[in-house]
Amino acid sequence: MLVPKNIVRLSKSIVGKEEAIAVSEVIEKDGYLGMGKVVQLFETEIAEYLGVPEEWVACVSSGTAALHLAIEAVTLPEDEVLVQSLTYLASFQAISAAMAIPVPCEVYQKNCLINLEDAFTRITEKTKVIMPVHYASFSGNMEKLYEFAGQNKLRVVEDAAHAFGCTYKKKKIGSFGDIVCFSFDGIKNITSGEGGCVVTSDQKVAQRIRDARLLGVVKDTEKRFSGERSWDFDVHCQGYRYHMSNIFAAIGRVQLQKLESEFAPKRRKFAELYRERLGPLKDIVFLETHLDEVVPHIQPLRIINSKFDMVQSCLKKNGVQTGMHYKPNHLLSYYGGGKVKLPVTEQLYNELLTLPLHPGLAENDVNFICDLMWSVLK
Ligand SMILES: Cc1ncc(COP(=O)(O)O)c(C=O)c1O
């Protein structure tokens, strides 16, 4: 067993010289650090990458901001949003920040995606939105999801924080659907340092989000992209300081260039290796996915038969970081403190362990982790 010299990290920002040069160009050449032409270029390049018109894309300061603005654009206070409890806290916080009510739903055990049969039982006359989460970058059955939304007259706000670069039936996530929100935080498939974007064909929603990210100032985006400021302006909606800075966009632009050539193949290769090596272990259950369609952001798996603690402590002892995606939100005091029972989600909470996955790993790191797991579980 080849033992890595350093701790094997769960996740890591993979940035280098090119990103540093891009940032210094903004500082030294452009000199304007706020939201300006570099953000506009990043939006155009995201649109080109997804194959959508550039008016569909609005970059913001985080994935959470993207979700918040998207929910606020399509709900009124007290409206209900169906969302899986097994998601990052940001999905729930974005909904409650918009003064809507997150309604925690079950997931399918096989893939940790929102369970539509369970969600159906939670619909009331106040339900206006469903927020599917592309958990571990997988999309599940998007036709079924949109059919469900159509039949129940719901808007769809996709939490695609894990899914930048992924496809569904050869179409890029973000190139179809209602409102799709991505995250570019430090460890995502691409990073802009911090950041995110909303992609939508609904131009009313897109314009509202463009305004709302700049304190609600009407058409301030258009002014800033042409190097001007709005001094005499009007405001039509609640706004926030949620715009992206030129500095962050400069990092994002370089990362976008690296996604297909460098990041995606590495992420897929390591995810495949985990499956190949650990698949035969009877106490391990992998989640359903399509590795040819996803750029896997995280590598969760289920450890069954009460072996979770053994595996986790062995990895920890040997310098391997692990994670847990996620503590279910319905258990948090602010979101009901466990009053609602979601048995599948609660069982998954005891079984899901996330292994290291990022482009900075070496094949040897993954083999080392697999050897350790074999030594505990064989
Ligand atoms: C599922 C999910 N939703 C939302 C977010 C929020 O994105 P950000 O960290 O960019 O605010 C994340 C980020 O970790 C996430 O994993």
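Just so you know, these numbers use all the heavy atoms, side chains as well, and skip hydrogens, waters and symmetry mates. Counting starts at 1 for both ligands and their atoms, in listed order. Remember, predicted model here, so these are calculated numbers, not experimental data.
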of all protein heavy atoms, closest to atom 15 (C) of ligand 1 is A161 CB, 3.5 Å
For R210, is there an ion pair with E43 - N to carboxylate O distance below 4.0 angstrom? no
Exactly one of R302, K378, K307 clears side chain to side chain donor-acceptor pair (under 3.5 Å) with D283, and that residue is K307
Residues pairing under ring-ring contact (aromatic ring centres under 6.0 Å, His included) where one sits in residues 61-85, two or more places apart or in two chains, turn out to be H68-Y240, H68-Y242
Contact region, E194 to ligand 1, non-hydrogen atoms below 4.0 Å, reads neither
min-distance protein heavy atom vs atom 11 (O) of ligand 1 -> T64 OG1, 2.5 Å
Basic-acidic side-chain contact under 4.0 Å: E363, K269
yes
Y326 heavy atom under 4.0 Å from ligand 1
yes
So the atoms of ligand 1 within less than 4.0 Å of a heavy atom of G195 turn out to be 10 (O)
Within 4.0 Å of some non-hydrogen atom of G63, the atoms of ligand 1 are 7 (O), 8 (P), 10 (O), 11 (O)
Of all protein heavy atoms, the one nearest atom 12 (C) of ligand 1 is Y88 CD2, 3.4 Å
Tell me whether the centres of the aromatic rings in Y135 and Y108 are closer together than 6.0 Å.
no
Is the shortest distance from a Lys or Arg side-chain nitrogen in E117 or K144 to a carboxylate oxygen in the other one below 4.0 Å? yes
If you scan protein heavy atoms around atom 3 (N) of ligand 1, the nearest is D159 OD2, 2.7 Å
Atom 13 (C) of ligand 1: closest protein heavy atom, distance to 0.1 Å, is K188 NZ, 2.8 Å
**Asked** So, are R277 and D371 salt-bridged, with charged N and O less than 4.0 Å apart?
**Response** yes
Contact region, F92 to ligand 1, non-hydrogen atoms below 4.0 Å, reads neither
The salt bridge (Lys or Arg N to Asp or Glu O under 4.0 Å) partners of D30 (sequence neighbours excluded) come to none
So for ligand 1, is T87 a polar contact partner (N or O within less than 3.5 Å, distance only)?
no
shortest atom 9 (O) of ligand 1-to-protein heavy-atom contact is with D185 OD2, 3.0 Å
Atoms of ligand 1 under 4.0 Å from any heavy atom of A90, numbered from 1 in the order shown, are 4 (C), 5 (C), 6 (C)
**Study point:** Test: E45 and R253 ion pair at under 4.0 Å
**Key:** yes
If you scan protein heavy atoms around atom 16 (O) of ligand 1, the nearest is H162 NE2, 3.0 Å
Short version for S62: what comes under 4.0 Å of ligand 1, heavy atoms counted, is both
ask   = Taking the six-membered ring for Trp, are the ring centroids of F92 and Y326 within less than 6.0 Å of each other?
value = no
